[in-house]
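Quick notes on the structure that follows.
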There are 2 protein chains.
Amino acid sequence: MEATGTQAGKEKQILAAARRIFATTGYYQARVEDIAREAGIGKGTVYEYFTSKEELYLQMLLEIADSYASGLAEVIGRPGDLREKLLGIGRHLRDFLQEHGQLARMFLQDPGPVNRKLQDHLLQIRRETVQQVEKLLAAGAAAGHMRPVDTGVAARFFLGGLAGVLLPGLIEELAPPEALAMTVDIFLQGIDSS
Amino acid sequence: MEATGTQAGKEKQILAAARRIFATTGYYQARVEDIAREAGIGKGTVYEYFTSKEELYLQMLLEIADSYASGLAEVIGRPGDLREKLLGIGRHLRDFLQEHGQLARMFLQDPGPVNRKLQDHLLQIRRETVQQVEKLLAAGAAAGHMRPVDTGVAARFFLGGLAGVLLPGLIEELAPPEALAMTVDIFLQGIDSS
DNA sequence: AGGCGAACTGACTGCTGGGTCGGATCGGAA
DNA sequence: TTCCGATCCGACCCAGCAGTCAGTTCGCCT
């Protein structure tokens, strides 16, 4: 009764613990008992809320993926010019990586029964993201000053480049704060036609 | 005696089998027995050549990583202007992903005792790659027409962007052949100052 | 107080799979 | 042909852990 845990909150509690444990050890090395301990409950209780380790893992990743996707959509929806929006996307990605850095790499984890089920969902999110950026670029093209590059390639290049600049910051050394703006600027000049 | 396997060749044989099995199932799902079967030998024999599953895995990944790194250095060393070299890097990455697509994601796999030991080596390779590209860019800057962007950010942006354009081709749909050149062009214009 | 169901628990079970090892097989030297 | 070391093999051993379940505690109602 000392920890947070009023009835339905227990599920959240377990998910949060799972996030921490899975993030540090990965799926296979994580023991359900560790997650239970981290959540301050008994192992059996985990199975009152989730039918299996795999299901718990799935639930956790989907939750995170969805929060990322909806956050991104919100950022893109905010008013502003192209540069402002691209910066917003970058910031959103940066914040996400800061919070879920270790978990993010799990989206690229090895295949297997666990991830098979995730693939469709994650692919869907990725497609949507690319499409949203494409739409931004198409709008920019319509507004004039943009040379006629393939928006699909440009969108993927931009997103991949962002990851290339931001992700290493977590595993290598911290990316300087101005790296984000630089990236956007290089990209913008890259597609500019003025 | 039907398969290839003359003495020292057996180690290569096992490594090749390991590559195939690990690529399809990932580290944890792969059973040593499967690898042995795939290599056409008994499970015990695997342990004549490798002390453990983990060591076999490590050996395999390091081999691939090194072949990637040395191939890249060779490509960069070839004479040609900046555009030609960047294209070469892209082609090299594309070919590598085509051959080792599934394994490539393993470099980003979950943490744990297995990968800990790899981290330094892979980080080293990544740093070298970034530095080599930085050097190319610095040379381009010296040669004149290039605005003064941070070469570190630009290099990471370029490499990440390449991966963003090429990797999805494997998991999503095939990247069109011209995507590579487009990527390089966008990037080049992005850093151009003429 | 007392009774009841819901929530919780961790000792226990069964299985999976890494690593071992005694014995089989091979191939070349004498 | 015989012998011997090197190589190969897979049945066996056992540690680790997901999932179960019989028993306990909790908290609410009467």
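Chain letters run A, B, ... following the sequence lines, proteins first, then strands; residues in each count from 1.
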OP1 or OP2 of D/dG10 under 4.0 Å from side-chain N/O of B/Tyr47: no
Euclidean distance, atom OH of residue B/Tyr28 to atom C1' of D/dC17 [Å, nearest integer]: 14 Å
Below 4.0 Å: OP1/OP2 of C/dC8 and any side-chain N or O of A/Tyr49: yes
Atom-pair distance (CD on A/Gln13; C1' on C/dC8), nearest Å: 12 Å
Upstream residue (5' side of DNA chain D) when B/Thr45 and A/Thr51 are each assigned their closest nucleotide: B/Thr45
Lys NZ or Arg CZ of B/Lys12 over B/Tyr49 ring: under 6.0 Å, within 45°: no
Interatomic distance, A/Lys53 NZ vs D/dG16 C1' [rounded to whole Å]: 11 Å
Whole-Å gap separating C1' (C/dG10) and CD (A/Glu33): 8 Å
Nearest-nucleotide comparison on DNA chain D, the residue closer to the 5′ end among A/Ala30 and A/Glu48: A/Ala30
Whole-Å distance separating the CG atom of A/Asp34 from the P atom of D/dC17: 8 Å
Distance-only donor-acceptor pairs under 3.5 Å for side chains of residues 75-82 of chain A, two or more places apart:
from    : atom 1 : to      : atom 2 : distance (Å)
A/Arg78 : NH1    : A/Glu74 : OE1    : 3.2
A/Arg78 : NH1    : A/Glu74 : OE2    : 3.2
A/Asp81 : OD1    : A/Glu84 : N      : 2.9

Sidechain-backbone polar pair: A/Glu38 side chain, A/Ala18 backbone, donor-acceptor under 3.5 Å: no
Rounded interatomic separation in angstrom, taking OH from B/Tyr27 and P from C/dG17: 13 Å
Whole-Å gap separating P (C/dG18) and CD1 (B/Ile21): 12 Å
Sugar-phosphate only, base, or nothing, as touched by A/Lys43 at under 4.0 Å among non-hydrogen atoms: base
Aromatic B/Tyr27 / basic B/Lys53 pairing, under 6.0 angstrom, 45° off normal: yes
